[in-house]
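Have a look at the structure below before the remarks.
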Amino acid sequence: MIRHFIATTLLLCPTLAFATSVQFQTNMGDIEVELFDSATPETVANFLAYIEDESYNNTFFHRSVPGFIVQGGGFYLNDEPKIAPIASKANVSNEPVYANVRGTIAMAKIGGNPDSATNQWFFNLADNTGNLDNQNGGFTVFGQVTQGMAIVDAIAAVPQSNQGGAFTDIPLKDWTAGGNITEHLIIIKSIVVLNADPDSAANLNPQTTTRTSSSGGSSSGGSSSGGSGSALYLAVLLMAFAARGVFKNMNTRKRRFNI
């Protein structure tokens with residue numbers, strides 16, 4: 001009875017966070033993240049489901065906006081090797097509890113639809129609370145980097161290239177124009193669970209969202225230059241890449257992931 005009372009009290013306390021620990025294993029180094037299981041349970045369960053079926057294996061960071069975000073979880077490199085979109089599961093409900101501050105991970109989604117997050121996510125490189133906590137119902141922060149933020153910053157420092165479509169800001173390491181981009185991607189080899197205990201990060205004290213009650217759920221999603229970013233199109237067939245044989249044949253899907 002006492003344990004149940006204590007657990008219930010802790011769950012109701014907005015300043016405490018409980019988390020499963022995961023590690024992003026990239027070709028630039030490892031990043032450890034604590035997931036906020038109790039505060040954003042649907043989002044964490046969704047993310048862990050993609051990890052469980054290895055959907056994030058051999059994926060890559062497809063968008064980088066220095067001083068704003070680096071984004072992944074949308075595409076993978078198959079054995080050919082060609083670029084293909086990750087198969088999306090059902091949408092997950094928006095859970096805007098914590099603030100989009102530097103070092104947090106949040107879900108990307110479609111503009112004007114707060115409950116449209118599926119597989120794409122992004123790391124906040126700066127304090128984006130003024131924009132992302134209020135835009136499109138608020139972007140769900142579901143974890144916090146505990147080790148490896150220097151790796152995230154190093155990824156953000158890789159030069160970006162405009163390859164069109166969903167890849168207007170793709171980071172490509174040591175790439176020169178005309179080269180095969182698949183050899184220069186920032187690869188996420190896998191995301192693994194380090195600690196499945198949802199209480200593994202009880203000492204974290206994440207900042208609660210700055211979102212105001214007057215902030216509406218409908219938004220253009222931010223398409224201006226700089227911090228607001230540009231619209232992303234998931235699974236777009238790019239003529240230039242098709243000519244080079246980079247892309248696997250796939251259906252065009254009109255999903256816009258706006259940040």
Side-chain angles (χ1 to χ4, degrees), residues 24 26-28 31 33 47 50 55-56 58-77 82-86 88 100 102-111 113 116-126 128 131-132 135-136 139-143 145 148-149 151-175 181-189 191 219-238 240-241 246-247 250 252-259:
F24 290 66
T26 83
N27 60 354
M28 290 187 63
I31 305 161
V33 173
F47 185 71
Y50 285 101
S55 292
Y56 290 137
N58 215 32
T59 58
F60 57 91
F61 288 91
H62 67 271
R63 185 187 180 211
S64 174
V65 183
F68 184 43
I69 60 96
V70 289
Q71 184 169 347
F75 306 89
Y76 73 99
L77 195 62
K82 292 182 180 179
I83 292 172
I86 290 176
S88 298
N100 282 268
R102 171 175 164 80
T104 56
I105 185 172
M107 296 301 296
K109 53 189 175 179
I110 299 171
N113 186 351
S116 58
T118 52
N119 48 287
Q120 291 196 31
W121 43 261
F122 59 92
F123 287 110
N124 282 296
L125 300 173
N128 295 319
N131 178 13
L132 300 185
Q135 185 187 133
N136 197 7
F139 285 81
T140 296
V141 167
F142 65 98
V145 176
M149 194 60 198
I151 302 299
V152 178
D153 289 334
I155 293 169
V158 172
Q160 300 83 43
S161 174
N162 184 352
Q163 300 290 338
F167 308 102
T168 57
D169 300 288
I170 187 170
L172 297 175
K173 191 174 183 179
D174 302 322
W175 180 78
I181 71 165
T182 62
E183 299 173 1
H184 302 275
L185 299 170
I186 311 303
I187 297 291
I188 300 165
K189 294 175 284 187
I191 304 177
S219 166
S220 64
S223 58
S224 60
S225 61
S228 59
S230 59
L232 300 182
Y233 293 86
L234 176 61
V236 176
L237 289 175
L238 303 180
F241 282 141
V246 172
F247 273 91
M250 55 186 175
T252 301
R253 302 179 63 190
K254 302 292 186 178
R255 291 180 63 85
R256 293 165 56 94
F257 283 83
N258 299 329
I259 301 175

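Listed for the N58 side chain is a donor-acceptor partner under 3.5 Å among the backbone atoms of L77. Put simply, the side chain of R102 gets close to the backbone of L125: a donor and an acceptor are under 3.5 Å apart. Judged purely by atom type and a 3.5 angstrom limit, N119 uses its side chain to pair as donor or acceptor with the backbone of G73. Not one N or O on the side chain of N136 forms a donor-acceptor pair closer than 3.5 Å with the backbone of K109. With hydrogens and angles ignored, the 3.5 Å screen pairs a side-chain donor or acceptor of N162 with a backbone N or O of G164.
The nearest pair of heavy atoms linking I155 to S64 is O-OG, 4.2 Å. Between Q160 and D169 the shortest heavy-atom distance is CG-O, 3.8 Å. What you find for V145 and M149 is that their closest heavy atoms are CG1-N, 3.7 Å. Contact between A156 and P66 at its shortest, heavy atoms only, is O-CG, 3.7 Å.
Rounding to the nearest 0.5 Å gives a distance of 11.0 Å between NZ of K82 and OG1 of T182. Between the OG1 atom of T104 and the CG atom of N128 there is a distance of 8.0 Å, given to the nearest 0.5 Å. In this structure, CD1 in I105 is found 10.5 Å from CD in Q71, a value given to the nearest 0.5 Å. In this structure, OG1 on T59 lies 12.0 Å from NZ on K189, to the nearest 0.5 angstrom.
Counting only heavy atoms from C-beta outward, the side chains of I86 and Y56 approach each other to under 4.5 Å. At a threshold of 4.5 Å between non-hydrogen side-chain atoms, the residues K173 and N27 do not count as touching. Contact annotation: the side chain of V70 never approaches that of I186 to less than 4.5 Å [non-hydrogen atoms, C-beta and beyond]. Residues H62 and I83 form no side-chain contact, since every pair of their non-hydrogen atoms from C-beta on lies 4.5 Å or further apart. The side-chain heavy atoms of I170 and F60, taken from C-beta on, include a pair separated by under 4.5 Å.
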Practice task
Take F122 and F68, measure what side-chain contact (heavy atoms from CB on, under 4.5 Å) needs, and give me the verdict at the end.
Solution key: CA-CA 10 Å; F122 59 92; F68 184 43; over 6 Å; no
Handout entry: Steps toward side-chain contact (heavy atoms from CB on, under 4.5 Å) verdict (N124, F139)
Key = CA-CA 11 Å; N124 282 296; F139 285 81; over 6 Å; no
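For Y50 and W121, the gap between ring centers reaches or exceeds 6.0 Å. F24 and F61 have their aromatic ring centers separated by at least 6.0 angstrom.
A tilted orientation is assigned to the rings of F167 and F75, their planes being inclined by 30° to 60°.
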